[in-house]
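Here's the structure we're looking at; comments come further down.
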Amino acid sequence: MAQTLIPVDRQARIQRLIEEKGIVRVTELSKLFDVTELTIRRDFNVLEKRGVLERTHGGAILRRRLKVEPLYVEKNQKHRTQKEKIGIAVGKIIDPGDTLLINTGSTNTQVLRHLSGKNLRVITSNANALMEIENPEIEVVLTGGLFRRQSNSLIGNFTHTLLKNVCGSKAIIGVDGVSIRFGLTTPIQEEAAVARLMIDQTLGPVIVVADSSKMGVVSNFVTAPIAKVNILVTDAGIKPGVKKELEEMGITVIIAK
C-alpha cells in the first residue's frame, strides 16, 4: 500500500507521524513507505517550506510558530503544574554561593519562588522577584531598566549596563521556543537581547527552563543557538525522540517530576 502513495498523501502521513512522535528519521520512513531516502528528503523539503518541520541530522523535528507574544497572565496560567515542578527541579541543581542570572518568564517566576537560602545571589530582570523571593538569605539584585508590563520584565540600556558588569556562575533562561535549528527564541527583541547578555556573562552552565509545549516552537527573535545550552529542565511531556536528539548534542535533559 505504501508503494502506491502519491507524494501529497505520503507527506500528509509524515506530518501526522511527526506530530505524534515529535521527531522522525529518514531511514525509518524510507522503510515504512518503501521509497528511497532521497524521496523522503524531498518530502522533508516540501514540509519544511510549509513550516511543519525542521531538518536535523538524519531526520526532522516538529516545528510550530509563535508570532505574537502571549499576555503574561495567560502564560502564567498555562501548564502551571509543569512549570511549578520545573521550578522545584531547578532548585535542586543550585549550589551554595551561586550567582544566578535569571531572566523573565512565568517558568522563571516559579524558579524564583522555589529557591532556597544557600548564600545565593540572584541578579534578575524578572520584576516578580520582589514578591517571589522572601528568604532574607538570598541577595536579590534587580537589573533596573524599562519596565515591560506585558511580561513583568526589565529591558533596555540600563539593564545591559548592569549585566555587563557582573559574572554569573549559572544562567537560568526562560524561553518561548526551543528549536534544534533556530535555538532559543522569543517574540520580543529587547527580551532576547537581555537573555543573550545573561548567557554571555555566565562562566558556568546555561540552564534553560521550558515546559514540553515549547519544544519545536520558533518565534521571531533568536536569543542564542542551541549549542549554548548545557542543561534543559522540562517536564515529562517531552517526546522521547526529541529528548534523545538533544542529549546527542551534549545537552543534559532533566525531567521535572
Side-chain angles (χ1 to χ4, degrees), residues 20-23 61-62 64 66 70-96 98 100-118 120 122 124-135 137-138 140 151-153 168-180 184-186 191 195 198-199 202 204-217 219 223 226 229-247 249 251-257:
E20 176 185 334
K21 297 182 177 181
I23 191 169
I61 193 167
L62 180 67
R64 288 169 290 134
L66 177 65
L71 293 174
Y72 181 83
V73 289
E74 295 175 356
K75 291 170 64 176
N76 196 39
Q77 293 303 317
K78 287 184 178 179
H79 312 290
R80 192 176 180 89
T81 300
Q82 292 92 326
K83 291 174 181 178
E84 182 177 9
K85 290 179 180 178
I86 290 170
I88 294 170
V90 170
K92 295 177 181 178
I93 59 174
I94 301 307
D95 299 312
D98 267 338
L100 307 174
L101 303 186
I102 303 179
N103 72 329
T104 189
S106 55
T107 308
N108 259 342
T109 295
Q110 291 292 337
V111 171
L112 294 170
R113 183 174 298 171
H114 291 96
L115 289 175
S116 58
K118 300 177 182 178
L120 299 180
V122 172
T124 182
S125 60
N126 191 327
N128 290 317
L130 292 172
M131 297 178 291
E132 299 298 344
I133 300 180
E134 298 180 351
N135 191 327
E137 296 182 31
I138 300 177
V140 181
S151 57
N152 282 0
S153 65
S169 57
K170 291 182 176 74
I172 304 175
I173 304 298
V175 297
D176 288 277
V178 178
S179 161
I180 288 175
L184 313 178
T185 58
T186 179
E191 292 188 2
M198 287 183 172
I199 291 171
T202 299
V206 173
I207 303 167
V208 170
V209 293
D211 67 79
S212 57
S213 72
K214 295 176 181 176
M215 300 301 112
V217 172
S219 194
T223 295
I226 197 72
V229 181
N230 301 111
I231 300 171
L232 169 68
V233 185
T234 187
D235 62 78
I238 188 173
K239 304 290 185 181
V242 176
K243 179 176 180 289
K244 182 180 178 183
E245 185 83 11
L246 292 167
E247 289 174 334
M249 299 178 68
I251 298 171
T252 299
V253 179
I254 296 175
I255 305 298
K257 298 179 180 179

Please tell me if the side chains of V90 and N108 come closer than 4.5 Å, counting only heavy atoms from C-beta onward. no
To the closest 0.5 Å, what do you measure between [atom1] ([X]) and [atom2] ([Y])?
| X | Y | atom1 | atom2 | value |
| --- | --- | --- | --- | --- |
| L101 | T202 | CG | OG1 | 4.0 Å |
| D176 | T107 | CG | OG1 | 9.0 Å |
| I138 | L112 | CD1 | CG | 9.0 Å |
| I207 | I251 | CD1 | CD1 | 13.0 Å |
| I88 | R113 | CD1 | CZ | 10.5 Å |
| I133 | L120 | CD1 | CG | 9.0 Å |

Keeping [X] on the side-chain end and [Y] on the backbone end, is there a donor-acceptor pair under 3.5 Å?
| X | Y | answer |
| --- | --- | --- |
| N126 | N128 | yes |
| T185 | S219 | yes |
| D235 | S212 | yes |

Within residues 238-247 or reaching into it, pairs that qualify as salt bridge (charged side-chain N to carboxylate O under 4.0 Å, His left out) - sequence neighbours excluded: R25-E245, K243-E247
Checking [X] now: which residues fulfil side chain to side chain donor-acceptor pair (under 3.5 Å) with it, not counting sequence neighbours?
| X | result |
| --- | --- |
| S153 | S151, E191 |
| E84 | none |
| S213 | H79, D211 |
| T234 | none |

A195 meets the side chain to side chain contact (heavy atoms under 4.5 Å, CB included) criterion, sequence neighbours left out, with N103, I173, T223
Please find the pair of heavy atoms, one from [X] and one from [Y], that lie closest to each other, and give the distance.
| X | Y | answer |
| --- | --- | --- |
| V140 | A129 | CG1-CB, 4.2 Å |
| K257 | K85 | C-CD, 4.2 Å |
| V178 | A210 | CG2-CB, 4.0 Å |
| S125 | M198 | OG-CE, 3.7 Å |

Only one of I102, V175, I231, V111 clears side chain to side chain contact (heavy atoms under 4.5 Å, CB included) with V209; which? V111
Could you tell me whether K170 atom NZ has more than 12 heavy atoms of other residues or ligands within 6.0 Å of it? yes
